Number of protein chains: 2
Amino acid sequence: MAKKLLVLAFALVIASAFLVDLGRRDIDAAGDGGTLIRDASMVITMDAKLGTLENTDVLIDGDTIAAVGRGLRASGAQVVDGRDKIIMPGFVDLHTHLWQSLIRGCATDKELNGWLDECVLPLQRSPMNSADAYAGGRLSALDSLSTGVTTVNDWPHAFNADFNRGDLRALVDSKQRFVFTYMGGKDPAISQEIRRVKKDVIDPNPLARLMIGTHPATGNYENTLASEKLAEELGVSLNVHLHESKTDPATGQMDALRRAGALRPGLLTGHTIHMTDAELDELAAHDVRVAHNPLSNMRLASGVARVPDMKTRNMKVGLGLDGGTNDTSDMFNNMRAAVGLQRALSKDPDRYPTPTDVLRMATLGGAEVLGLDKEIGSLTPGKKADLLVIDTQALNFAPKVDWPAQVVFNTQPANVQWVFVNGVALKKDGKIVGDTGRAIADAQAAADRVKTYLGR
Amino acid sequence: MAKKLLVLAFALVIASAFLVDLGRRDIDAAGDGGTLIRDASMVITMDAKLGTLENTDVLIDGDTIAAVGRGLRASGAQVVDGRDKIIMPGFVDLHTHLWQSLIRGCATDKELNGWLDECVLPLQRSPMNSADAYAGGRLSALDSLSTGVTTVNDWPHAFNADFNRGDLRALVDSKQRFVFTYMGGKDPAISQEIRRVKKDVIDPNPLARLMIGTHPATGNYENTLASEKLAEELGVSLNVHLHESKTDPATGQMDALRRAGALRPGLLTGHTIHMTDAELDELAAHDVRVAHNPLSNMRLASGVARVPDMKTRNMKVGLGLDGGTNDTSDMFNNMRAAVGLQRALSKDPDRYPTPTDVLRMATLGGAEVLGLDKEIGSLTPGKKADLLVIDTQALNFAPKVDWPAQVVFNTQPANVQWVFVNGVALKKDGKIVGDTGRAIADAQAAADRVKTYLGR
């Protein structure tokens, strides 16, 4: 009997060593879309306590990561073979303008201001409508899912309210988790529309969040102030472009933010390149966060953000793809660029971010920037099931040497086999769910209209 | 009658306007693997006279581009639907070490010297053999084809003669056009083996060329000199790494090349980063060529090559992927990096290379560097049929705005649908021809052996 107890105790110790879960051994995920990814060769959890696990199962129950461990069972759940696969948290894209897939390839010979003049600003006087916005947003959202982005912070340019509604509809239809950055302003009608959108569309949708966008500048102070006030009223964050081009500091962006009282925790500043030490100190002191967009910065000749100096100041920094201005939607490429730009410039391989750092920036770090790290960003049981599955048996990825490093340096979007958002598979076995052919055709029709608006 | 003649004359004018060929209207490509790509939406010929054409056919007859024009006919040829496709010349990868796919992800936290110490130099004392070389070379060659590289300059590290033979066999089996850079040295046995390889393997193979590799340095002068002498004897070029790491100039690389008389037309220098004005002048004066490897330079914290200053000096510069040290084999990513690195550093969008420039660097420019521009590098009728076909109807590529720019900024290797080398389709309808599963498995087995040699 004593021997039997010993064996039992030993078996329990072994079993518990292989199991990190919510305390349940057998989780019934039947009937509610539960998924068991069995025997994943590697699970990069991004959870500091769990670390990176091998030959491990991941159980998705409803919208939640129910368990990460070995030998999980779930009667009735769909089973995905995890062998030769890497599972990791979905990417958080902190800064993009989804509609801009309609102007891919536009003015690739210009820096920011020249590109804006040629490809964006003329559209403010155009009849861009919700169909255009939907077509561009739809194409980009599906494309962004394809590379493994599960949360996207999208900023349409608010050519008009109808345009914004089309963009928002594309986001909702994509089933991605999203932040909708609605451009604020001093016109009371805009504030009223934003309040309505928050109440009617954002708040009822568990995947949706709101931010208020504004372009801070001395010459745009009233709009900046009104946007900040509305953000405070609604309890959301402000989202701005900050010192992206070398010509930006002279426009008084920092001063406008300061005067409007916008330098507060949660403020999200995109790019944030041409910064003095004192300005970085000031952002850090107010827990202002940064969306770093290295591919966009390279395409638009914007410069190199001082990411290592932000890290020294313990600032929260994540990555953005800035669709349309960097053109590519390859988050692996974006991670490589974030690492490589700093290295090429400094000639120092220890320079922040390392490959380990950048994996965090693209996932949990991005979630922290958005204040969503309790919900997403790591494969912690209890968090929402936003994750991607990478097939390692590819010509560009194999063999297995140091897989987490290979995720940064070797992976291509085509290697992403499965993408789950909130427990729902939106890329399955290498194919995006949905009518991609129609999305492409609709985007072409919209791009043809846009061309006429741009006079090209 | 006069009216009929007028109509006929008019028809001939129209027909000739749509035809750029070898003077034949109906080319019989039957029986010899001829291929007609019909109605390609765009053909980026990279031929200055032909330019970029729309709705055009490309006819491959045997190993040759027989015609580029509209309304081509070829009885018995395989027909590929070119609608919604872009055809362009295959990429020339000027600098790589194919075997290094076996050490993908190795020491991604190190700069060049640390990486060499950890991942390469220990292998010189190891029993690396032809099976290892073949496995790594095979995986990389297939991967490189997948992104559209049709000519590769491969430099195995010559751990021993058997290793080199395995690598060379992988190149031959890949059916890619290749330059085999064989490491020379003062040991007469090495020179003898190189002479044998040239005579028995390289010269009989129309796809093969030879270069002699060496590591110029004050401390390696005898080997440098012997390599240069052998290159002269065999009428081939020398291939070297030059000032890649910031520690390289102090080793006397330039001086060793100078003393050995190696600074002569055709010398290929890889990286060539830490260069003074006078050194660049000297290279330019001797028509020395450069393989620029931006992704590798970013990964290894090597620095940023002075590519615009090379252009000012009319130097011939092309691109290399430097497999293993940059890890990715995505030539589109490499082109973006070549453009973006210079832009981010200079904050000037006109900085060389522009997207147009970099397309040339990756194709015709690379062919010029190798002295192969009479044979390949553009879709000029009469040249060898090395080309790739890009599917534009992809989430990451559509819609059509400025396709040549989109090739640089939007394309991913998965969009490459067809790759032809010397008229033979090596990627068909998005799939690499050959047993990719076996290549991956063999590479894993070899990588596992390499790990033991590295003591990891």
Side-chain angles (χ1 to χ4, degrees), chain A residues 102-106 108-111 114 139 142-143 146 246 295 297-304 327-330 333 336-337 339-341 343-351 354-355 393 395-396 398-403 405-406 408-410 412-414 432 436 439-440 443-444 447 451, chain B residues 102-106 108-111 114 139 142-143 146 246 295 297-304 327-330 333 336-337 339-341 343-351 354-355 393 395-396 398-403 405-406 408-410 412-414 432 436 439-440 443-444 447 451:
Chain A
L102 302 182
I103 53 166
R104 277 176 174 161
C106 187
T108 55
D109 57 343
K110 297 283 195 299
E111 53 63 72
L139 182 73
L142 294 181
D143 183 26
S146 199
K246 61 188 173 186
L295 283 175
N297 302 158
M298 292 168 82
R299 197 268 214 194
L300 289 174
S302 301
V304 182
D327 296 278
T328 184
S329 48
D330 176 345
N333 191 165
R336 279 194 286 284
V339 173
L341 255 189
R343 287 187 179 190
L345 209 72
S346 66
K347 304 174 196 73
D348 174 5
D350 296 325
R351 192 91 167 157
T354 65
Q393 301 301 292
L395 292 172
N396 62 291
K400 182 177 182 178
V401 177
D402 177 344
W403 272 357
Q406 286 168 268
V408 176
F409 286 106
N410 293 91
Q412 296 170 5
I432 282 288
T436 57
I440 290 167
Q444 183 65 60
K451 257 185 242 181
Chain B
L102 302 182
I103 52 167
R104 277 176 175 160
C106 186
T108 54
D109 56 343
K110 295 284 194 299
E111 52 64 71
L139 182 72
L142 294 181
D143 184 26
S146 199
K246 60 188 174 186
L295 284 175
N297 302 158
M298 292 168 82
R299 197 266 215 196
L300 290 174
S302 301
V304 182
D327 296 277
T328 183
S329 47
D330 177 344
N333 192 164
R336 278 193 287 283
V339 173
L341 255 189
R343 288 188 179 190
L345 209 71
S346 66
K347 303 174 199 74
D348 174 6
D350 296 325
R351 191 90 166 158
T354 65
Q393 300 301 293
L395 292 172
N396 62 291
K400 182 177 182 180
V401 177
D402 177 346
W403 272 357
Q406 286 168 271
V408 176
F409 285 106
N410 292 94
Q412 296 169 6
I432 282 289
T436 56
I440 290 167
Q444 184 64 61
K451 258 185 243 182

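This structure is a prediction, so every number in the text was calculated from the model and none was measured. In what follows, every chain begins at residue 1, and chains take the letters A, B, ... in the order their sequences are listed.
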Which bit of B:T108 is near chain A, if near means a heavy-atom gap under 4.5 Å: side chain, backbone, both or neither?
both

Name the option with the most non-hydrogen atom pairs under 4.5 Å to chain B; the candidates are A:T354, A:N297, A:T436.
A:T436

Residue from A:E111, A:R336, A:R343 scoring the most non-hydrogen pairs under 4.5 Å with chain B is A:R343

Heavy-atom pairs under 4.5 Å with chain A, option from B:P413, B:S329, B:S302 with the top count
B:P413

Taking B:G105, B:A301, B:A447, B:G340 one by one, which has the highest count of heavy-atom pairs under 4.5 Å against chain A?
B:A301

Under 4.5 Å heavy-atom distance to chain B, tell me which part of A:Q412 shows up: side chain, backbone, both or neither.
side chain

Between A:A443, A:C106, A:G114, A:G303, which shows the greatest number of heavy-atom pairs under 4.5 Å with chain B?
A:G303

In terms of heavy-atom proximity below 4.5 Å to chain A, should B:K347 be classed as side chain, backbone, both, or neither?
both

Does the side chain of B:L341 reach to within under 4.5 Å of the side chain of A:L341, using non-hydrogen atoms?
yes

The reported gap from CG in B:D143 to CG in A:N396 (rounded to nearest 0.5 angstrom) is 5.5 Å

May I ask you to decide if A:D327's main-chain N or O and B:N410's side chain share a donor-acceptor pair within less than 3.5 Å?
yes

Which of the residues A:R104, A:K246, A:M298 is involved in the greatest number of heavy-atom pairs with chain B at under 4.5 angstrom?
A:R104

Interface moiety of B:D348 toward chain A, non-hydrogen atoms closer than 4.5 Å
backbone

Let me know if A:K451 has heavy atoms under 4.5 Å from chain B in its side chain, its backbone, both or neither.
side chain

Among A:N333, A:V304, A:D402, A:L139, who wins on heavy-atom pairs under 4.5 Å with chain B?
A:N333

A:L395 versus B:I432: any side-chain heavy-atom pair under 4.5 Å?
yes

Looking only at heavy atoms, which two atoms of A:L345 and B:L345 are closest? And how far apart?
CD1-CD1, 2.8 Å

Measure the spacing between CD of B:Q406 and OG1 of A:T328 and express it to the nearest 0.5 Å.
11.5 Å

At a 4.5 Å cut-off on heavy atoms, which part of A:K400 comes close to chain B: side chain, backbone, both, or neither?
both

